[in-house]
Each structure stands twice: as C-alpha cells, then as structure tokens.
Amino acid sequence: MKMSIREAINQTLHQEMERDERVIVLGEDVASDQGGVYGITDGLPAKFGLHRVIDTPITESAIVGAAGGAALTGLRPVAELMFVDFLGVCLDQILNQIAKFRYMFGGQARTPVVIRTMIGAGTGTGPQHSQILYPLLAAIPGIKVVTPANAADAKGLLTTAIRDDDPVIFCEHKALYMDECEVPEGEYLLPFGQARTAVEGSDITIVGMSRTAVIAEEAASALSQQGVNAEVLDLRTLSPLDEGAVLESLAKTGRVVVVDEANPYCSMASEIAGLVVERGFDLLDAPVKRVTSPHTPVPATPCLEAEYVPNVERVIAAVQETLDY
Amino acid sequence: MSPEKLADAYRLMKTIREFEERMRSEYQQGKLPGFIHIYRNQEAIAVAACLDMTNEDYIASTHRGHGHCIAKGCEIEAMLLELACKEDGLCNGKGGSMHIADMSKGMLGANAIVGGGPPIAAGAALTAKTLGNGAISMAFIGDGASDQGTVAESLNLAVVLQLPMIFMYENNRYAEFTKSPKPDGRIAERAGAFGMPAEVIDGSDFFAMYDACQRAITRGREGGGPTAIEAVCNRYYGHFEGDAQAYRDQDELAQERAVSDPIPRFLADPRAAALTPEKVAEIDAAIMAEIDRGFDVTYAAADPTPDKLYTDVYIQYEGRLR
C-alpha cells in the first residue's frame, strides 16, 4: 500500500500500541485533536485513551527523563522530543542517564525507550528548529540512532525500535514527511545496522542517510543520463553503523562521496571518511569526498537555507570531481 | 510500631552508621577508589522513608546514596563489592559509589548528576500509575539539587499527571561547600506552590519522619498524587570524604553534630521502649559481624577482567570502535 512517512509512522504507533499495552506515547501535544505538529499521533488518544497517550507540559527534561524511568520499570515508552534542537534542554537525561543505565548498573537494567524527534532544514524554521544533530547522538556510546529515508523503512525501523530493549532515537526528517512509497502491510520489521542499497552501480558509491539518501538517489538518476553508474547506499541507522556495506560497495567502485546534512566538523560524513581511509585505503582510486552543510547555524532566510543544505547539483559536482581525479 | 519494626528501624539506621564509618576509615587508608559521600546523621530520613516500602516501590537516589541503598534493602556484601568496584558487585564494579543500583530492590541508582534522579523517579511513578499496581516512587533530593530545573520540571509533571510520587528533600543546609541561603522551609514552600501537600519535618526525629512518610505513601498508593517532605538535617562530614569543612563555623558544626544524631534520639524516645538494651547489643553485634564479613569478602574478591570493559553497552561495537 502506498503511504507517506507521516502515515507510516502513525500506522506503526497504532499497530504497536495495539500489540503491546506496555507501549505508551508521551510528549507535547501528542494527545491534541491534530495529533501534534504533523499529525503523527492522530487517532491514538481516541483508540488507546489518555492514560496511554499522555500530553505533557513543555518540559523536555521531564519528558525524556520520565520516559527513561518508565522504561527502566517496565513500560515501553515512545517519547516525542518535538524538534531535535530541544536536545539542548534535556541532554543530561540522554547523555548521563539513559545512555549509561545498562553499563553502569552492570547489566541489570533494561531501558526500552524510543525518543522520536524531528530533524533537518528545508522548511524555513531557522537556527533553533532545523538542525540535524544526529552526529552528537551517535557519538554517545550505545545510543541507537535511526534515520529512515522512506515510508517503508520508517515503518520497519520504528517497529524494531519499539520492540528493542534498548534506547533508540528515531530521527524523522521534516522535509520527508509527505514522501510516499509502497509500504508492506501488517507486521514489518527491519534490523538495525543494515544499510540499504537504494541504487546499484559500479562507478562510484554515494553514501547518504535520511534526506541525503533521497538527494543521493536523485543525483544518481541524473548521473545515469550522463552514463555514470553510481551506487547509492542509504545507511538507515547511524549507530549501529553498517561498516561492511560501505566497504563492500567501495570494493566494487573504488570511489566514495558521502552526503550528510550535518555540519561538517565531527559529522557522519567525517566518520564515514575515517572508516574508508582506515579500513579501505587500498581500495580507493580517489580521495573520499564529503558533501555537507557548511559549518554555520541554519539560516531562516529561504534563499540562504537553500544554499545551506546539500543538493543534487553539489552531489553531482562532487561525483564528477571524484571521477576526474 | 511493632517491636519487630522498631528493631528493623534501629538495625537499618545503625547499619548505615557503622557501614559508613568503616568505609571512611578504609577510604582514608587508600583502600577504596573514587569519591565517597557520607550520610552520617541523616540516617533517620532514609530509614523512615523506606521502612514500609516493598521491592515493587522505587527510589531514585543521589551521590550521597549509601544510606538509601541500605534502607531499601540492598545486601551489605554486594554493596561493598560494588563500592570497591569488584566483579561481583551489584553493578559488576562499573558503577561504584555514585552510580550504585539494585533493580531487584527497586533502587534505581545513586546519581552523580545533582538533580538527575527526579525525572527518572517520575517515570517510575508513571509506570506505577499506568499499571495501576499501587506502587509508589520516591526521589531523594538535596537542598542543592532543589535549585535544579529538572527538580522543578518533575514537581510540575508529578502534579499535572497526579503521579504516586514523593519528593524527599534532605535539607542538610550545605550545597557542596556553600551554605544554603534559603531559610528552612523554603524548599517545601516551593514544592507546595506546584500544588502538592508539602511538609517540613525534623529529619533527626525518626518517628516524626516515619509519620510524615506514612501519610505521603498512603496518599500515593490511594491515587492522591504527589507529596513533598523537606527533612531538615545536618551534614556531619564534608561534601565528600576528605573535605575538612574549613568553610564551616566549627562551633556551630560541633553544636549541630551533638543535637542532630538521630540514633540516640530514637533510642531515648518512649515509643522505642520495647527495644531493650540487650536487644540493641544483640543487633549491634550482628551488624559489626556482617560488616567485617563483607570487608573480608570484598578484599578477597576479584577485579573485573579486562574484557568487561566492553560488556553491557547497548551496542556491541566491533573492530575499530573497540
């Protein structure tokens, strides 16, 4: 069935709440008539009641912390951090508390919590509502970071996230919510740490994640008109990371371009470049190239924001440069 | 209070006292790693708070958490093994004093982040409310932590969601090295302003603490929502072991130490009359023997093997991330 990412997430929440009564949803506006900013939680309160779909005050530390505490004591909470930028007000509960429970408690603790959050630029929401920030999260040992690029993956990965016994941060790119594709009916799970080959090719590998996987696919399609067979790898999850898939694709193509909407310094693009140099140096026919946002905040101005995010033209230029090396 | 319960209360307070005095002495000899924070003269608070809790009730503790652990039922030997960071400790030695936890006892962890625990305790209270199992959850909060935003957020959430939660403030009047500028009672006043019953209790008075905790626990179990208790007490030793408290007026400190010891006060109370001197001596002997045994086991115990560095991370990293 064809559906959007927004609909796929909504359907998954319905299915998982139906399946397991320990699953609860909490966050700001999640029980409102509109189902939150993008209608993600639409229909949940009517079906599952306000004791399982919990509207909270605007209180991110308490939302995330209480979700962690509830997970530690037997529920399977899906908390909503409306925009990932709000990590700024609740980071302690993720960084020092939830991320450490199992390790610092010597394996006693189980923390099946999912934090759903909106990431990314492209809607003119400016410096405090448009960031990516997933490299910051992936840098925390143990935190699982999931970045679906299409509706089918959103369903499969969110189902896995909710059933996972460990903390998962599920990053939803706000510019992708309305993108549609075929989504499997019924129960559908995708394993973490398994990248998706979005396009098969042999000339060059383009690595993307979340929205940049979509951009990479568009670039590959344009490049095929010019006779370039680019392979596109969508990482799907940043932690755990499918290092093997990147290296296997590199073995086939000998060239890598990484497209990442994060700021370049300490980005996923840097991490992939590091991986390729460290583990795949002998396979490289050209230096690995990164296409990222600049190292600046995200501007609100639409014309500057359009310059900020990686786009198809920049990916094509990077591919050409790498091929011409 | 039944003679058995009186004996339990005494045993727990005295265990905390002797356990920590021995810890101090061992620590001063360099036999224990890390930081330790001693709870002396605050024992009545933890014991009154946890005496009627079951393993299904939850507490979230603080950096000064040994007393909370013992009051909640953690085994002395397993605690000592953890505080010495041994393989068989409660947390396999990876938590130590400031992160010790015992899930089987509903002890959700000491916390090295001041103010880190209350949101977690609110989550445990949310579990109890959602499952409707009558359990309650308590956050221990120092007077220093009372100024943290996480505490205010938790107070508010507990009121909005009517959680079965108790905010147990331990106002020992010192936030690390700094004397609290707040008058006693201000913390309860703040908590009350969020819309919950809030009481100020003498934290050295076991019986007054016990009665207040009974009211709060009953309210929580019966769906009456959260309660705050400000237990006013004295921090006998420094912020951490090794802090000589040079910043404190020494006369005032000596005076406070003398009047704030909850244990003689408990024994002198007519309500503890059933606890005979013979019974007290018997309990004391058993406590000392248990602590001696615990240290013997601890010093003979193995350190974690090097491979344990990698275990119990949520993701099993391989290769270059090791």
Side-chain angles (χ1 to χ4, degrees), chain A residues 21-22 24 26 51-52 54-75 77 89-90 92-93 95-111 113 141-144 164-168 192-193 239-241 243 274-275 278-279, chain B residues 58 60 82 89-96 98-104 106 108-109 111-113 115-132 135 137 148-150 152-158 160-161 163 304 308 311-321:
Chain A
E21 61 179 17
R22 294 170 303 167
I24 62 163
L26 73 161
H51 68 295
R52 287 181 64 201
I54 302 165
D55 254 342
T56 66
I58 298 175
T59 186
E60 283 85 9
S61 283
I63 295 167
V64 172
L72 204 53
T73 51
L75 297 185
V89 285
C90 63
D92 178 66
Q93 289 296 325
L95 173 72
N96 285 317
Q97 311 295 338
I98 291 169
K100 311 287 194 270
F101 284 157
R102 198 209 279 176
Y103 193 85
M104 74 180 168
F105 297 162
Q108 297 175 69
R110 205 169 269 209
T111 314
V113 60
I143 289 287
K144 298 178 186 179
D164 197 295
D165 278 342
D166 302 325
V168 179
F192 290 166
S239 191
L241 179 67
E243 298 189 356
L275 164 72
E278 204 176 344
R279 299 274 302 278
Chain B
Y58 302 107
E82 184 56 36
L90 277 172
C91 306
N92 300 151
K94 286 173 172 174
M98 289 200 288
H99 316 91
I100 187 168
D102 188 348
M103 296 297 135
S104 71
L108 303 180
N111 211 305
I113 305 297
I120 298 165
L126 180 60
T127 298
K129 184 192 168 198
T130 305
L131 301 179
S137 175
Q148 285 280 29
T150 46
E153 289 195 29
S154 303
L155 287 164
N156 190 47
L157 191 73
V160 170
L161 301 182
L163 298 176
K308 296 300 189 310
T311 57
D312 291 321
V313 183
Y314 298 119
I315 298 171
Q316 240 359 77
Y317 296 103
E318 302 293 342
R320 66 191 191 100
L321 296 183

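- Side-chain contact between B/Arg320 and A/Arg279 is present, with at least one heavy-atom pair separated by less than 4.5 Å.
- At a threshold of 4.5 Å between non-hydrogen side-chain atoms, the residues A/Arg102 and B/Val313 do not count as touching.
- Contact count against chain B (heavy-atom pairs under 4.5 Å) is highest for A/Glu243 among A/Arg22, A/Arg110, A/Arg52, A/Glu243.
- The side-chain heavy atoms of A/Ile54 and B/Leu126, taken from C-beta on, include a pair separated by under 4.5 Å.
- The shortest non-hydrogen separation linking B/Gly109 to A/Phe105 is CA-CZ, 4.0 Å.
- No donor-acceptor pair under 3.5 Å is formed between the side chain of B/Tyr317 and the backbone N or O of A/Pro240.
- Chain A forms more heavy-atom pairs under 4.5 Å with one residue of B/Lys94, B/Glu153, B/His99 than with any other, namely B/Glu153.
- Counting heavy atoms from C-beta on, the side chains of B/Cys91 and A/Gln108 come closer than 4.5 Å.
- A donor-acceptor pair under 3.5 Å is formed between the side chain of A/Gln93 and the backbone N or O of B/Gly116.
- The distance from atom CG of B/Leu131 to atom NE2 of A/His51, rounded to the nearest 0.5 Å, is 9.5 Å.
- Of the two parts of B/Asp102, the backbone and the side chain both hold a non-hydrogen atom closer than 4.5 Å to a non-hydrogen atom of chain A.
- Atom CG of A/Asn96 and atom CG of B/Asn111 lie 8.0 Å apart (nearest 0.5 Å).
- Interface summary for chain B: among A/Ala67, A/Gly74, A/Ala99, A/Cys90, the most heavy-atom pairs under 4.5 angstrom belong to A/Ala99.
- Heavy atoms closer than 4.5 Å to chain A are found in the side chain of B/Val160, but not in its backbone.
- The two atoms that bring A/Ile143 and B/Ile315 nearest to each other are O-CD1, 3.7 Å, heavy atoms only.
- At most 12 heavy atoms of other shown residues, nucleotides or ligands fall within 6.0 angstrom of atom CD in A/Glu21.
- Ranked by heavy-atom pairs shorter than 4.5 Å toward chain A, the options B/Ala122, B/Ser154, B/Gly95, B/Ala101 are led by B/Ala101.
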**Study point:** Steps toward side chain to side chain contact (heavy atoms under 4.5 Å, CB included) verdict (B/Tyr314, A/Thr111)
**Key:** CA-CA 9 Å; B/Tyr314 298 119; A/Thr111 314; 3.6 Å; yes
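- The part of B/Leu321 that comes within reach of chain A is its side chain, from C-beta onward, which places non-hydrogen atoms under 4.5 angstrom from that chain.
- Residues B/Asp312 and A/Phe101 fail the side-chain proximity criterion, which asks for heavy atoms closer than 4.5 Å.
- The side-chain heavy atoms of A/Val64 and B/Pro119, taken from C-beta on, include no pair separated by under 4.5 Å.
- Within the 4.5 angstrom heavy-atom criterion, only backbone atoms of A/Glu60 (N, CA, C, O) approach chain B.
- Looking at B/Lys129, there are no atoms closer than 4.5 Å to chain A (heavy atoms on both sides), in backbone or side chain.
- Side-chain contact annotation: B/Thr311 with A/Tyr103, donor-acceptor N/O pair under 3.5 Å absent.
- The most heavy-atom pairs under 4.5 Å with chain B, out of A/Gly193, A/Pro57, A/Gly274, A/Ala66, come from A/Ala66.
- In A/Ile58, the CD1 atom is not crowded: 12 or fewer heavy atoms of neighbouring residues, nucleotides or ligands sit closer than 6.0 Å.
- Side chain of A/Thr73 to main chain of B/Thr127: no donor-acceptor pair is present (N/O by atom type, distance under 3.5 Å, no hydrogens or angles).
- In this structure, no portion of A/Asp165 lies under 4.5 Å from any heavy atom of chain B.
- Between the CE atom in B/Met103 and the CG atom in A/Leu72 there is a gap of 4.5 Å [rounded to 0.5 Å].
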